[in-house]
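Report on the following structure.
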Amino acid sequence: MNELLQRLCPKEEANPALFTAYFSAIQALGKLGADQRAVEPILRLFERQLLDSLGYGIDWLRIARSDQPLNLLERYEFEYGVGLVPSQSAVACPAPLILAFAAGDFTDLQVLPWAKMWMRQSIAAVLGDSVLHTRQLLIDLQKL
């Protein structure tokens, strides 16, 4: 989270909403104890709040380029910079999982992989060619 803030936030620009999101995430992580399964939802919510706060977020409740709400019976693909696009693909995400993510509801464990993919795509697009050193360090440690 720290590296994302340092890389993405303009220097010396106040952002009270983002600071509150960061502080809340740090507090939640500190209260986890042995339950490490709760780390990912906290990180995904913070990443979404970060992107929203910096103007890179999308409307997770509406179809891209329209004012229409997501149809619960449809599937959607996420396109960075565009939003949620209707799709007939079997690998597209069902609307109820998207709406759960929008509500911050991770009780359905199927939401987490989608949220991780969406946030990684969004953050990668904002970072460009830069590599997050923290993420690369964790990948390298897992190889040991």
Side-chain angles (χ1 to χ4, degrees), residues 1-64 68-87 89-144:
M1 290 187 319
N2 291 335
E3 188 175 7
L4 284 174
L5 289 170
Q6 288 177 337
R7 294 268 188 102
L8 298 179
C9 292
K11 301 274 188 253
E12 299 181 28
E13 185 175 304
N15 192 330
L18 184 55
F19 176 79
T20 300
Y22 175 72
F23 186 71
S24 296
I26 293 294
Q27 280 185 315
L29 289 170
K31 293 178 183 176
L32 287 182
D35 184 12
Q36 294 301 306
R37 294 173 294 165
V39 169
E40 276 205 57
I42 294 166
L43 294 178
R44 299 301 84 84
L45 288 175
F46 172 75
E47 290 164 348
R48 193 181 77 207
Q49 291 168 321
L50 171 66
L51 292 166
D52 288 346
S53 174
L54 297 175
Y56 298 113
I58 68 156
D59 187 344
W60 294 96
L61 302 174
R62 305 213 173 276
I63 298 170
Q68 297 178 19
L70 300 184
N71 180 332
L72 289 174
L73 303 176
E74 298 291 327
R75 293 175 162 275
Y76 297 88
E77 290 187 36
F78 170 74
E79 293 181 15
Y80 173 75
V82 176
L84 299 164
V85 180
S87 176
S89 170
V91 295
C93 185
L97 296 179
I98 297 168
L99 295 173
F101 174 64
D105 179 2
F106 293 92
T107 52
D108 184 337
L109 296 180
Q110 294 179 65
V111 175
L112 281 173
W114 288 104
K116 188 174 192 174
M117 180 180 68
W118 298 325
M119 294 300 96
R120 280 201 177 157
Q121 288 174 345
S122 297
I123 290 168
V126 174
L127 285 174
D129 292 334
S130 297
V131 175
L132 287 175
H133 297 292
T134 306
R135 183 168 182 268
Q136 188 60 49
L137 176 65
L138 292 173
I139 290 169
D140 292 344
L141 286 174
Q142 287 178 344
K143 291 178 184 177
L144 296 177

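Distance check, rounded to the nearest 0.5 Å: CG of Leu50 to CG of Asn15 gives 8.5 Å. Distance CD1/Ile63 to CD/Glu74: 8.0 Å, rounded to 0.5 Å. Distance check, rounded to the nearest 0.5 Å: CD of Gln27 to OH of Tyr22 gives 11.5 Å.
In this view, Glu47 and Arg44 satisfy the side-chain hydrogen bond (donor to acceptor under 3.5 Å, both in side chains) rule, not counting sequence neighbours. Qualifying side-chain hydrogen bond (donor to acceptor under 3.5 Å, both in side chains) partners for Arg75, counting only residues two or more places apart in sequence or in other chains: none. Residues satisfying the side-chain contact (heavy atoms from CB on, under 4.5 Å) test with Val82, not counting sequence neighbours, are Ala64, Arg65, Glu79, Val85. Residues meeting the side-chain hydrogen bond (donor to acceptor under 3.5 Å, both in side chains) test with Ser122, sequence neighbours left out: none. Scanning for side-chain contact (heavy atoms from CB on, under 4.5 Å) contacts around Ile58 gives Trp60, Phe78, Leu84, with sequence neighbours left out. By the side-chain hydrogen bond (donor to acceptor under 3.5 Å, both in side chains) test, Glu77 is found to be paired with Ser87, residues two or more places apart in sequence or in another chain being considered.
Using the six-membered ring where Trp is involved, Phe23 and Phe19 have ring planes that are parallel, under 30° apart on the 30 and 60° scheme.
In this structure, Tyr76 contributes its side chain and Asn71 its backbone to a donor-acceptor pair below 3.5 Å.
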Under 3.5 Å donor-acceptor pairs involving side-chain atoms of residues 98-117, not counting sequence neighbours:
from, atom 1, to, atom 2, distance (Å)
Asp105, OD1, Thr107, N, 3.0
Asp105, OD1, Thr107, OG1, 2.7
Asp108, OD1, Gln110, N, 2.9

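Of the residues listed (Ile26, Leu29, Leu18, Leu51), the one engaging Phe46 in a side chain to side chain contact (heavy atoms under 4.5 Å, CB included) is Leu18, and it is the only one.
Side-chain contact between Arg48 and Leu45 is present, with heavy atoms from C-beta onward closer than 4.5 Å. Two residues are said to be in side-chain contact when any heavy atoms from C-beta on lie closer than 4.5 Å; Ile42 and Leu32 meet this criterion.
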